[in-house]
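Owing to the predicted nature of the structure, the values given are computational and were not obtained by experimental measurement. Chain A is the first sequence line, chain B the second, and so forth, proteins listed ahead of strands; every chain is numbered from 1.
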Amino acid sequence: MPLRLHNTLTRAIEEFVPEDPARVTFYTCGPTVYDDAHIGNFRSFLAADLLRRFIESPLCELRDARGGVSRGPRRVVHVMNITDVGHMTDDAEGGESGEDRMAVAGRRLMEAKKSGTLPAGVTVDPSDPYQIARFYEGRFKEDARRLGLKLALESERDPTLQPRATDHVPGMIRLTSRLIEKGFAYVVGEPGSRVVYFRVRAFPAYGRLSGNTLEKLREGEGGRISRENQSAKEHPADFLLWKEDPRHVMKWESPWGWGYPGWHVECSVMSVAGLIPGAAVGTLTRPDGQALIDLHSGGEDNIFPHHECEIAQSCGAFNADPARGTFARMWFHPRFLLVEGAKMSKSKGNFFTPRDLFARGVEPAALRLELIRTHYRGNANFTLQGLADSQRMIERWRRAAGTTPGAPDPAGAARSPAAAEFLAAFASAMHEDLNVAAAVAAVNSFVGRTEPGVADAPHALRVIDEVLGVLSLERPAESQTGIAVFVGGLAQDASVVAKLDERAAAKRAKDFAKSDAIRDELLRMGFTIKDVAGGRVEVSRA
RNA sequence: GGCCGCGUGGCAGAGUGGACAAAUGCAACGGAUUGCAAAUCCGUUGGGGAAACCCUUCGUCGGUUCGAAUCCGACCGCGGCCUCCA
């Protein structure tokens, strides 16, 4: 049963057939870095991470191009860009309303600096967009590592896996030149205000991914098309590749003057640069009909226009089949995350970032499980109750897994019939369009009927955790005094310890009224306590 | 207005023609344990019946079928996109 996935391009669940099953190429549209990524962003990134981990797992079978089936483990080269150029004008260009996001970020940082809420040791000049971008990029990578995004862990050794748009501008210029040479793009305007547009009518498959057609796009019901910009274009759907604009904060020299690249160009360049060894953007050519990469993912909001435009650029420049509009063999788009049943927004007070939650004592493992355990192709509903459910599941899994999981040993993975059955159920669920909920159910059933620490349960759990990636994550430090064990990252508190000593004395004297009163008092102070082995007391947030 | 995804029990969320009153987890209830809690473990959890069994349920209303949560149509609701740097 080879892996099947929903392909946005065909709107069908189909077998995933990479060019080379031993080296699968995967590109994910990464974050913009003018603010901290929120849990909705991370849901999408974690869905990609889960897919990548499953493909790498010994449990995963893939159909190969000759019709056979190959079994893992295998290597996935996963690249995710950092968009540090896209939203950095110093004014509202094109008649758009609102304020530039990098300016907002700068002001926010300025205020944090003044009020002293910026973390210690951070030096960032809020007037420098590059420094702002680096600041948020660092925070993104930190969050990503804590959540077990494998790519973020790897990119510490190999930074090319997380390329920055600003480092690839020369490639974008070469790609734009190629598109002009091949008739897929044109320049309008006079020196000083030149603009390069992609010519959508030259690319018949434009609209294939999103289900749009050029006719419908012409109607432009979104209401965000600037009339001024439209007049210069051959077709309303033509999109920007380069804009000459000396006022732009971040700008580069190009054959079309000092300016900045279009938003979509970066991904066409960085996907090829990161995934096709030795390929040069200026010379790469693929025969008709051959896709460039195996997998491409991004949030559902990327389907149009971003990925539609990427397809047009990449196929146009590199000569992949323009009639079919391939570029990637499989398009993977996780849906949005709702919070407590509603769209997440700062004004509703239901807006969360991983670091907010970590600061409140949430374990990275619980957040990761909560964000991955629902099917990627439906809207997931994030709730604090769900987060608590995930936490409890993980604790049960940990008991069954024994102590700290080490490296898996796939060869000996299924010694007992129960473990073999469990691994098969897990794999079977994951092969069918990544049915994580069913896979998690298999884990729970297995854990439920397995004695803790017995047989090869720890072993089997290690194998599946290479995919789910929760048990191996860091846990909040415990901090112990003689009597108290502070968990969930809670700092030691002398007044709590004093109360606990008092309570222990009351209990020894069988004065239970007093010991219960102390427990209630601690609860009012915001602490839940629980008697554990050795006469100690575990203290957590209420 | 157009294109796309989704709508399941108190909650989250599987299930896409029969083995379904519907996986799994949580919550709730009963029991073991505990000085009492918490945690853990066992059991129950749509309604009726001791039971074979019967009745009502998978957004709503219709339809196809021997048979529908699952297929078709309409409607309602939720979510995303409809572009040029938001």
Undergrad: Given B:rG5, B:rU83, B:rU24, which nucleotide is nearest the side-chain atoms of A:Ala441?
TA: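 The answer is B:rU24, which lies nearest to the side chain.
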Undergrad: Output yes when at least one side-chain N/O atom of A:Asn379 is less than 4.0 Å from OP1 or OP2 of B:rG80, else no.
TA: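 The answer is no; no side-chain N or O of A:Asn379 sits under 4.0 Å from OP1 or OP2.
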Undergrad: Does B:rA19 have a Watson-Crick or wobble mate here (both distances under 3.5 Å), and if so which one?
TA: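 B:rA19 is paired with nothing.
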Undergrad: Does the structure show a Watson-Crick or G-U wobble partner for B:rG73, both distances under 3.5 Å? Name it, or say none.
TA: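 Its partner is B:rC61.
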Undergrad: Please report, rounded to the nearest Å, how far the P atom of B:rC85 is from the CD atom of A:Glu266.
TA: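 In whole Å, B:rC85 P and A:Glu266 CD are 15 Å from each other.
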Undergrad: Let's see if you can work this out: which of B:rC26, B:rC85, B:rG5 has an atom nearest to the side-chain heavy atoms of A:Gln385?
TA: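 Out of B:rC26, B:rC85, B:rG5, the nucleotide with an atom closest to A:Gln385's side chain is B:rC26.
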Undergrad: Encode nucleotides 37-43 of chain B as B, S and - characters from 5' to 3', where the letter depends on protein heavy atoms closer than 4.0 Å: B to the base, S only to sugar-phosphate, - to neither.
TA: BBSSS--
Undergrad: Can you sort out the partners of A:Arg396 under salt bridge (charged side-chain N to carboxylate O under 4.0 Å, His left out), two or more places apart, ordered by chain and number?
TA: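 Expected list: none.
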Undergrad: Among B:rC81, B:rU83, B:rG5, find the nucleotide with the atom closest to the side chain of A:Tyr206.
TA: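 Among the listed nucleotides, the one closest to the side chain of A:Tyr206 is B:rU83.
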Undergrad: Describe the nucleic acid contact of A:Ser210 in one word from base, sugar-phosphate, nothing, applying a heavy-atom distance below 4.0 Å.
TA: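 Here A:Ser210 touches the backbone only, sparing every base.
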Undergrad: To the side chain of A:Lys243, which of B:rU24, B:rG79, B:rC85 is closest?
TA: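 Nearest to the side chain of A:Lys243 among the choices is B:rC85.
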Undergrad: With sequence neighbours excluded, what pairs up with A:Glu395 under the salt bridge (charged side-chain N to carboxylate O under 4.0 Å, His left out) test?
TA: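 Per chain and number, A:Glu395 pairs via salt bridge (charged side-chain N to carboxylate O under 4.0 Å, His left out) with no residue.
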Undergrad: Do the ring planes of A:His264 and A:His306 sit parallel (below 30°), tilted (30 to 60°) or perpendicular (above 60°)?
TA: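 Taking A:His306 first and then A:His264, their aromatic rings sit tilted (interplane angle of 30° to 60°).
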Undergrad: Tell which nucleotide pairs with B:rA14, taking only Watson-Crick or G-U wobble pairs whose two distances are both under 3.5 angstrom.
TA: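 Here B:rA14 is not engaged in any pair, so there is no nucleotide opposite it.
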Undergrad: I need the NE2-C1' distance between A:His307 and B:rC4, as an integer number of Å.
TA: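 To the nearest whole Å, that distance equals 16 Å.
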Undergrad: Assign each of A:Arg373 and A:Val195 to its nearest nucleotide of RNA chain B by heavy atoms, then name whichever residue's nucleotide is nearer the 5' end.
TA: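 Its nearest nucleotide lies further toward 5', so the answer is A:Arg373.
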Undergrad: Please work out if A:Gly262 contacts a base, only the sugar-phosphate, or nothing of the nucleic acid, heavy-atom cut-off 4.0 Å.
TA: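 Result for A:Gly262 = base.
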Undergrad: Give a yes or no on whether a donor-acceptor pair under 3.5 Å exists between the nucleobase atoms of B:rG35, that is its base, and the side chain of A:Asp516.
TA: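 Present.
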Undergrad: Report which part of the nucleic acid A:His375 touches: base, sugar-phosphate, or nothing (heavy-atom distance under 4.0 Å, all strands).
TA: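 The residue A:His375 makes sugar-phosphate contact but no base contact.
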Undergrad: Output the rounded distance in Å from CD (A:Glu310) to C1' (B:rU83).
TA: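 Whole-Å distance recorded here is 14 Å.
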Undergrad: Considering Watson-Crick and G-U wobble pairs with both distances under 3.5 Å, what does B:rG30 pair with?
TA: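 In the structure as shown, B:rG30 has B:rC42 as its Watson-Crick or wobble partner.
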Undergrad: Ignoring hydrogens and geometry, is there a side-chain-to-backbone donor-acceptor pair from A:Asn435 to A:Met430 under 3.5 Å?
TA: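 No: the side chain of A:Asn435 does not pair with the backbone of A:Met430.
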Undergrad: Considering residues at least two apart in sequence or located in another chain, which fulfil the salt bridge (charged side-chain N to carboxylate O under 4.0 Å, His left out) criterion with A:Lys499?
TA: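 Result, salt bridge (charged side-chain N to carboxylate O under 4.0 Å, His left out) vs A:Lys499: A:Glu521.
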Undergrad: Considering heavy-atom distances to RNA chain B, does A:Pro261 or A:Lys343 have its closest nucleotide positioned more toward the 5' end?
TA: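 It is A:Lys343 whose nearest nucleotide is closer to the 5' end.
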Undergrad: If you only use heavy atoms from C-beta on, which nucleotide in B:rG80, B:rG25, B:rU24 is closest to the side chain of A:Asp389?
TA: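 Out of B:rG80, B:rG25, B:rU24, the nucleotide with an atom closest to A:Asp389's side chain is B:rG25.
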Undergrad: Apply ring pair (Phe, Tyr, Trp, His ring centres under 6.0 Å) to A:Phe352 and list each qualifying residue two or more places apart in sequence or on a separate chain.
TA: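 If we apply the ring pair (Phe, Tyr, Trp, His ring centres under 6.0 Å) test to A:Phe352, skipping adjacent residues, the hits are A:Phe382.
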Undergrad: What contact category does A:Phe512 fall into here, base, sugar-phosphate, or nothing, at under 4.0 angstrom with non-hydrogen atoms?
TA: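 If one applies the 4.0 Å heavy-atom cut-off, A:Phe512 turns out to touch a base.
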Undergrad: Could you pull out the closest heavy-atom pair between A:Ile173 and A:Trp256, with the gap in Å?
TA: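 Looking at all heavy atoms of both residues, the shortest contact is O-CH2, 3.6 Å.
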Undergrad: With a 3.5 Å limit on both atom pairs, tell me what B:rG79 is paired to, counting Watson-Crick and G-U wobble, or say none.
TA: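 B:rC4 is the nucleotide pairing with B:rG79.
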Undergrad: When we call it a touch if two heavy atoms are under 4.0 Å apart, what does A:Ser390 touch: a base, just sugar-phosphate, or nothing?
TA: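 Contact class for A:Ser390: none.
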Undergrad: If I take atom CZ in residue A:Arg11 and atom P in nucleotide B:rC81, what distance separates them, rounded to the nearest angstrom?
TA: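 Result: 17 Å.
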Undergrad: In whole angstrom, what separates A:Glu432's CD from B:rA14's C1'?
TA: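 In whole Å, B:rA14 C1' and A:Glu432 CD are 13 Å from each other.
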Undergrad: Which base, if any, makes a Watson-Crick or G-U wobble pair with B:rA37, both distances under 3.5 Å?
TA: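 Looking at the geometry, B:rA37 pairs with no nucleotide.
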Undergrad: Can you tell which of B:rC85, B:rG79, B:rG13 lies closest to the side chain of A:Leu338?
TA: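 For A:Leu338, the side-chain atoms sit closest to B:rG79.
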Undergrad: Taking salt bridge (charged side-chain N to carboxylate O under 4.0 Å, His left out) as the test, write out the residues that go with A:Arg194, two or more places apart.
TA: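 Result, salt bridge (charged side-chain N to carboxylate O under 4.0 Å, His left out) vs A:Arg194: A:Glu244.
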